[in-house]
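See structure below.
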Amino acid sequence: MKRTDFNGNLRAEDAGREVTLVGWVARRRNLGSLVFMDLRDRSGLVQVVFDETMAARVKDVRSEYILQVTGLVQMRKDANPKMATGEIEVLAKDVRIVNTAETSPITIADDSDTSEDVRLKYRYLDLRRKPLQDNLILRHKICMITRRVLDEKGFVEVETPILARSTPEGARDYLVPSRIYNGRFWALPQSPQIYKQLLMIAGMERYFQIARCFRDEDLRADRQPEFTQIDIEMSFVEEDDVFAVVEDLMKAIFRETIHAELDEHFVRIPWIDCMKKYGSDKPDLRFGNEIHDLSPIFADTGFQVFRSVLDQGGEVDAVCFEGLADQYSRKTIDRLQEFLKAGFKAKALAWLKMENGVLSGSVAKPLSEEEKAAIVKELDMHDNAIAFLIADQPNIARSALGALRVKVAHEHDLIDHSQYKFLWVTDFPMFEYSEEEQRWVAAHHPFTAPKEEDVDKLFTDQEHCSSRAYDLVLNGYELLSGSIRIHDQDLQEKVFEAIGLTMEQAREKFGFFLEAFRYGTPPHGGVGIGLERLTMVLAGTENIRDVVAFPTTNSSLDLMSEAPNTVDDSQLKVLGIKTDIKTPESE
Ligand code: ASP
């Protein structure tokens, strides 16, 4: 089909040229005997003018019709500075109506006012909007840069099965029934974890894959049942080697997509210190306001409330904000307290304000002058500073103050949105206690190596056993997880045992994997980078559906194709599946 130019690329230099363009009609205006249309293709919009003689040929043309127009580029009398092509227009000499279109059920504009559900039903029309097209192009660029950078570093892209055996990553599997072996099931991979480790045993040394992962998790606003990971695994490495590859990759991606230069080395902090300082394992470092443990100040306190918390193994933590004391009335503080009580189990929120060199606030009276002076010093409080204090068990006090830190920073605009603050959180706990299962489970996945010095804690002190798992955090989001893996069969068996799997159960689940370990497994480690999360940060959106071409809703439905759907009984029969569930069709 003849097409000489892309619409959005035409500029003043093109004036005088004859061009042939194609595209969708974005907007039509009649002005006396003239007709103006904005013609849209993927590159953008250009204004086309139909004069009296041509106007008759487009009298029936409406929005979203497809035209092929040949015409002359000319300077506009009144330039439109809002359009990239706003200095010129195309005077039509010939036009062909390539296709007609029904009236669009959604507004196709950068800022569509149509509800998200309707836009999801007509996703192919929503995707005509520039911001969504830009996001898909950005995602494509990230993948292209990843492939180039990793190829240059000697990584090989390998595809692993989608119909697979289940890999435990802590979520539920999506199962696919086997027709040939009725009663048996494939699982869609939660990640290619076992396969990539097998590739290391196979001697591939450096593997990557832009891998689709499937997790049947409870509904959450920022989750999709399927998502993509930039999955990486390397042999003969330690943490430093993995971090260096990821840092180089991130630098290239940020430089080449949004022209941001990242710090030479990313900050690292062990998990335990991170929790103490920020009350979160994914802190936003674009602002300070760290948590301070004030407990030593109250070692001999006469204030009964603090005394009894400290006696029960708790601590008194505080976060301080300069310049905000006058913004907090009792009412606003009460609201903050309700928020922390409801979501973070913190029993009480105390506060102190510094005004004209004097501390006032909910605990100003019961504390001694020495204690108050020590607080001012520790928190470096100046006039108009406000400190929030929580006395509770350490994990409650820290996570509540961590949440308060983020909430106040957002509400008072303390965040510099032009910054990209990366942070490696290292030495995650090896285990976490599952209240549901009443046992210790692997905090990352059971192939993660324990810290060498903590191997003897595997059975005796699971709570304090650290692992070689790490996360990369960016601006408060977890961008990736990974770990140095176990490569020793005895240690792998011990870890299974420590999470309550008998050797029989472990063999039943991953016998093939344990067997592979016996044939010379190199030390190895890697990461899985959340591609959607990374794209969201770079696109500046908080809605995961903005960076996925065909997403599901928050309640895991595809409104466009109406999936999941029921299937014919005959389809179920060959799979050997009977269901008691009544569907509208079967009634
Ligand atoms: N498979 C892990 C995950 O999905 C990533 C990794 O450990 O490489 O989180």
Please determine whether the number of non-hydrogen atoms from other residues, nucleotides or ligands lying under 6.0 Å from atom [atom1] of [X] exceeds 12.
{"X": "R172", "atom1": "CZ", "result": "no"}
{"X": "Q419", "atom1": "CD", "result": "yes"}
{"X": "R42", "atom1": "CZ", "result": "no"}
{"X": "E453", "atom1": "CD", "result": "yes"}
{"X": "D416", "atom1": "CG", "result": "yes"}
{"X": "D110", "atom1": "CG", "result": "yes"}
{"X": "K130", "atom1": "NZ", "result": "no"}
{"X": "K153", "atom1": "NZ", "result": "yes"}

Would the distance check show the side chain of [X] and the main-chain N or O of [Y] forming a donor-acceptor pair, the cut-off being under 3.5 Å?
{"X": "S112", "Y": "I108", "value": "no"}
{"X": "T228", "Y": "I210", "value": "no"}
{"X": "N135", "Y": "D546", "value": "yes"}
{"X": "Q209", "Y": "T160", "value": "yes"}
{"X": "D454", "Y": "S466", "value": "yes"}
{"X": "S191", "Y": "C213", "value": "no"}
{"X": "D241", "Y": "E238", "value": "yes"}
{"X": "D41", "Y": "N7", "value": "yes"}
{"X": "H444", "Y": "A442", "value": "no"}
{"X": "R405", "Y": "N289", "value": "yes"}

Inset, instruction - Report yes if the side chains of L404 and I390 come closer than 4.5 Å at any heavy-atom pair, otherwise no. - result: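 No, too far: nothing below the 4.5 Å cut-off.
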Legend entry - Heavy-atom side-chain proximity of K345 to S399 below 4.5 angstrom: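 Side chain of K345 against side chain of S399, heavy atoms only: no contact under 4.5 Å found.
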Decide, yes or no, whether a salt bridge links [X] with [Y] under the criterion of side-chain N to carboxylate O below 4.0 Å.
{"X": "D240", "Y": "R268", "result": "yes"}
{"X": "R439", "Y": "E437", "result": "yes"}
{"X": "R123", "Y": "D126", "result": "yes"}
{"X": "E478", "Y": "R533", "result": "no"}
{"X": "R139", "Y": "E532", "result": "yes"}
{"X": "E315", "Y": "K276", "result": "no"}

Name of the residue among [options] meeting side-chain contact (heavy atoms from CB on, under 4.5 Å) with [X]:
{"X": "L285", "options": "Y278, F422, Y420", "result": "Y278"}
{"X": "Q224", "options": "T552, T553, V547, N554", "result": "T552"}
{"X": "M536", "options": "N543, L531, I544, L138", "result": "I544"}

Hydrogens and angles aside, do [X] and [Y] bring a side-chain donor and acceptor to less than 3.5 Å of each other?
{"X": "T107", "Y": "D113", "value": "yes"}
{"X": "S115", "Y": "D117", "value": "no"}
{"X": "T426", "Y": "E239", "value": "no"}

Inset, instruction - Show your reasoning for whether side chain to side chain donor-acceptor pair (under 3.5 Å) applies to E233 and Y195. - result: CA-CA 10 Å; E233 197 73 10; Y195 288 104; over 6 Å; no
Locate the shortest heavy-atom distance separating [X] from [Y]; write the atom from each residue and the value.
{"X": "A318", "Y": "L379", "value": "CB-CD1, 4.0 Å"}
{"X": "S43", "Y": "N9", "value": "CB-OD1, 3.9 Å"}
{"X": "A171", "Y": "E217", "value": "CB-CG, 3.7 Å"}
{"X": "R545", "Y": "P551", "value": "CG-CB, 3.5 Å"}
{"X": "R206", "Y": "G154", "value": "CB-O, 3.5 Å"}
{"X": "P283", "Y": "V473", "value": "O-CG1, 3.5 Å"}

Inset, instruction - Take the angle between the ring planes of F510 and F447 and call it parallel below 30°, perpendicular above 60°, tilted in between. - result: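 Perpendicular, since the angle between the ring planes exceeds 60°.
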Inset, instruction - May I ask you to check whether Y470 and F243 place their ring centres under 6.0 Å from each other? - result: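 Yes, ring centres under 6.0 Å apart.
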Legend entry - Qualifying ring-ring contact (aromatic ring centres under 6.0 Å, His included) pairs with a residue from residues 515-561, counting only residues at least two apart or across chains: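 Every pair satisfying ring-ring contact (aromatic ring centres under 6.0 Å, His included) with a residue in residues 515-561: F513-F517.
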Legend entry - Pairs satisfying ring-ring contact (aromatic ring centres under 6.0 Å, His included), at least one member in residues 118-160, at least two apart: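 Sorted result for residues 118-160: empty, none.
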Rounded distance [0.5 Å steps], [atom1] in [X] versus [atom2] in [Y]:
{"X": "L479", "Y": "K282", "atom1": "CG", "atom2": "NZ", "value": "12.5 Å"}
{"X": "H412", "Y": "F287", "atom1": "NE2", "atom2": "CZ", "value": "12.0 Å"}
{"X": "I145", "Y": "E256", "atom1": "CD1", "atom2": "CD", "value": "4.5 Å"}
{"X": "K451", "Y": "C465", "atom1": "NZ", "atom2": "SG", "value": "11.0 Å"}
{"X": "L262", "Y": "K421", "atom1": "CG", "atom2": "NZ", "value": "10.5 Å"}
{"X": "D488", "Y": "T521", "atom1": "CG", "atom2": "OG1", "value": "9.0 Å"}

